Enquirer: 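Structure provided below as structure tokens; questions to follow.
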Amino acid sequence: MAPAGIAPDALDRPHFIGIGGAGMSGVAKVLVQRGARVAGSDSKDSPIVAALRELGATVHIGHAAGNVAPDATSVVISSAIRADNLELVTARERGIPVVHRSDALAALMDGHRAIAVAGTHGKTTTTSMLAVSLSTLGLAPSYVIGGDLDVPGSSAEHGGGEIFVAEADESDRSFHKYTPEVAIILNVELDHHANYASMDEIYDSFRTFVERVRPGGTLVISADHPGARELTARMAGREGLRVLTYGEAADADVRVLDVVPHGLTSEVTVRIAEALGGGGPESGEITFTVSVPGRHYAHNAVAALAAGAALDVPARDLAPAIASYTGVKRRLQLKGTAAGVQVIDSYAHHPTEIAADLEAIRGGAGDGRVLVVFQPHLFSRTQELGAEMGEALGLADASVVLDIYPAREDPVPGITSDLVIDAARRHGADVTAEHDRSAIPGLIAGMAKPGDLVLTMGAGDVTDLGPEILARLQTRRARSALRSPGNRES
């Protein structure tokens, strides 16, 4: 089923506004690989832009009306593009079709056996696990992920196989555009407060997503998460939909029996119900390795396992292949070690994610401390969830909190990082406010001791601080070596 409202040739010569973004670049890359003549613009140059140029895309830096080629067949936008963007205004004036990124992605998925991965948390990780493990098995999936696997531009690939794996974003309801054969829902919580006013709106939105699953398709959904269980109850009676549950609940179709941490990896044991395995070799217990830390990542892996089984990929083949996934950028990504201190980057920005990542890292920290540099993301999210963010930071030994990263939002009077800081202190957390981002590397280098783990945490540009912290730690180590007794002049 092709997406409604897109002409057959609309994506032949598309122009992407904001082509370097995590979501936009993936769609652009697959289109280039499929032979489209892709152009676009972004506010700044980046490794992702360079990777697109290497593939043959034309990318302008800065936004200007002249960037839109006269023969452009469409202009592709995301929800982050403002209505007064010069290129968008130009497209409307010229009568060039304007296509939302989700419609473009839906067009790419058309004709494939699609898996769409949704949920408030864990989408990127689960999509990545599927992309990597299916590729390891030689199934050549196509995929579009909301983050790079390793090198810039690795967030997407046009494969020759029949499976297409895509991250499905609920934030702006764009996941309503997809018609997957398999839908994964990892969890259901209230987030994206600028677009959703209540949990009922969230449930209605996820229900619409599930109703788009192709007849005879499958919903893979958590048996543990309260919001997911509520959604499952609300979907009861839907004809033509198979529901597979996973988790630690006794009634889960793919039941997690044990998660044993081993440093920054885990060993996971699951039992596959006879109803899914047919009583054959797919039924029974399977133990496999998940090469990223934390119980929540183990559950993501089990969701991927269930989705693969729904597409008839043998679970006993897929389970060991999942071990080949070693992480994605910004999801507990080790940036390096200096002066005996590991610096790890985390995309966590919702309280549930913050708590889960801190609990996961705590398991691998040993006797070392966990130090966090946290940057709240969005004024609307901080307004609604700032207190919960602060409470979650209580799981760290010490935290430094930056100003709010606004992203696409304008400031809201009275909404600052103090909402997070005050809540953290009320819960006994050791928290330092720092408004000067440039002061962070020196501050952390002064706090950290050998054996500590430092997390740069948040969905904004806090990720850029990791290399700067490592450099400052290395400088501190060099100075310490010069001051040691063996290096003193006699």
Side-chain angles (χ1 to χ4, degrees), residues 1-3 6 8 10-12 14 16 19 21-38 40 48 51-52 54-57 76 78 99-118 123-169 174-175 177-184 212-214 217-218 220 303-305 307-313 317-318 321-322 324-325 328-329:
M1 180 187 299
I6 296 185
L11 297 177
D12 289 351
F16 285 73
I19 196 170
M24 296 284 272
S25 60
V27 175
K29 177 182 178 180
V30 174
L31 281 169
V32 172
Q33 291 176 322
R34 290 191 181 182
R37 201 175 77 196
V38 174
I48 291 176
L52 286 170
E54 185 69 21
L55 286 172
V76 183
S78 71
V99 175
H100 192 275
R101 172 194 174 274
S102 57
D103 288 308
L105 177 54
L108 294 179
M109 295 164 68
D110 189 41
H112 290 76
R113 303 188 72 188
I115 303 175
V117 184
K123 294 185 291 293
T124 298
T125 297
T126 308
T127 310
S128 302
M129 286 176 169
L130 278 164
V132 170
S133 57
L134 293 171
S135 297
T136 299
L137 293 177
L139 296 176
S142 296
Y143 56 85
V144 175
I145 309 168
D148 283 330
L149 290 171
D150 41 42
V151 298
S154 59
S155 65
E157 187 69 31
H158 168 59
E162 63 178 358
I163 298 175
F164 197 119
V165 187
E167 186 171 333
D169 183 15
S174 61
F175 67 163
K177 304 292 181 65
Y178 312 138
T179 54
E181 183 173 339
V182 178
I184 298 177
R212 298 273 302 171
V213 174
R214 296 174 185 173
T218 303
V220 174
L305 189 71
L311 288 185
D312 304 317
V313 179
D317 294 338
L318 188 58
I322 288 174
S324 59
Y325 168 82
V328 66
K329 283 190 174 182

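None of these values were measured; they are calculated from a predicted model.
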Enquirer: Can you name the closest pair of heavy atoms from I6 and A104 and give their distance?
Expert: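 Looking at all heavy atoms of both residues, the closest pair is CD1-N, 4.2 Å.
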Enquirer: Keeping the roles fixed (side chain from R34, backbone from L108), state whether a donor-acceptor pair exists under 3.5 Å.
Expert: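 Here the side-chain-to-backbone pair exists.
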Enquirer: Give a yes or no answer on whether the side chain of R37 reaches the backbone of D12 with a donor-acceptor pair at less than 3.5 Å.
Expert: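 Side chain of R37 to backbone of D12, a donor-acceptor pair under 3.5 Å: no, none is there.
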Enquirer: Testing the basics here: between A36 and L11, what is the closest heavy-atom pair and its distance to 0.1 Å?
Expert: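 In terms of heavy atoms, the two residues are closest at CB-O, 3.4 Å.
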Enquirer: Indicate yes or no for a side-chain donor-acceptor contact from S174 to the backbone of D169 under 3.5 Å, with no hydrogens or angles considered.
Expert: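 Present.
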Enquirer: V213 and T179: side chain to side chain contact (heavy atoms under 4.5 Å, CB included), yes or no, with the steps?
Expert: CA-CA 5 Å; V213 174; T179 54; over 6 Å; no
Enquirer: What distance do L137 atom CG and L318 atom CG have between them, rounded to the nearest 0.5 Å?
Expert: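 Reported to 0.5 Å precision, the distance equals 6.0 Å.
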Enquirer: Hey, is the main chain of I163 close enough, under 3.5 Å, to the side chain of R113 for a donor-acceptor pair?
Expert: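 Side chain of R113 to backbone of I163, a donor-acceptor pair under 3.5 Å: no, none is there.
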Enquirer: Of the non-hydrogen atoms in S155 and G26, which two are nearest, and what is the gap between them?
Expert: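 Closest pair (atom of S155, atom of G26, distance): OG-CA, 3.9 Å.
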Enquirer: Among all residues two or more places apart in sequence or in another chain, which pass the side chain to side chain donor-acceptor pair (under 3.5 Å) test with S78?
Expert: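 Scan of S78 (side chain to side chain donor-acceptor pair (under 3.5 Å), adjacent residues dropped) gives none.
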Enquirer: From T127 OG1 over to I115 CD1, what is the distance, rounded to the nearest 0.5 angstrom?
Expert: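 One finds 9.5 Å between OG1 of T127 and CD1 of I115.
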Enquirer: Looking at F175, is its backbone amide N or carbonyl O close enough to the side chain of S102 to form a donor-acceptor pair, meaning the two atoms are under 3.5 Å apart?
Expert: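 No; judged by distance alone, with no hydrogens or angles, the pair does not exist.
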Enquirer: For the atom pair OH (Y143) and CD (E157), what is the distance rounded to the nearest 0.5 Å?
Expert: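 Rounded to the nearest 0.5 Å, the OH-CD separation comes to 5.0 Å.
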Enquirer: To the nearest 0.5 angstrom, please state how far the CG atom of L130 sits from the CD1 atom of I145.
Expert: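 Going from CG on L130 over to CD1 on I145, the span is 9.0 Å.
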Enquirer: Can you tell me how far apart CG (L52) and OG (S25) are? Round to the nearest 0.5 Å.
Expert: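 L52 atom CG to S25 atom OG measures 6.0 Å (nearest 0.5 Å).
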Enquirer: Under the rule for side-chain contact (heavy atoms from CB on, under 4.5 Å), what residues qualify as partners of A166, not counting sequence neighbours?
Expert: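 Residues passing side-chain contact (heavy atoms from CB on, under 4.5 Å) with A166: L105, M109, F164.
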Enquirer: Between V76 and M24, which heavy-atom pair has the shortest distance, and what is it?
Expert: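 Between these two residues, the closest heavy atoms are O-CE, 3.3 Å.
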Enquirer: With a 3.5 Å distance limit and no angle check, can you tell me whether K29 reaches the backbone of A156 through a side-chain donor-acceptor pair?
Expert: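 Present.
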Enquirer: May I ask you to decide whether K123 forms a salt bridge with E167, counting only side-chain N to carboxylate O separations under 4.0 Å?
Expert: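 Judged by the 4.0 Å cut-off on N to carboxylate O distance, K123 and E167 do not form a salt bridge.
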Enquirer: State the CD-OG1 distance between E181 and T218, to the nearest 0.5 angstrom.
Expert: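 Those atoms lie 7.0 Å apart.
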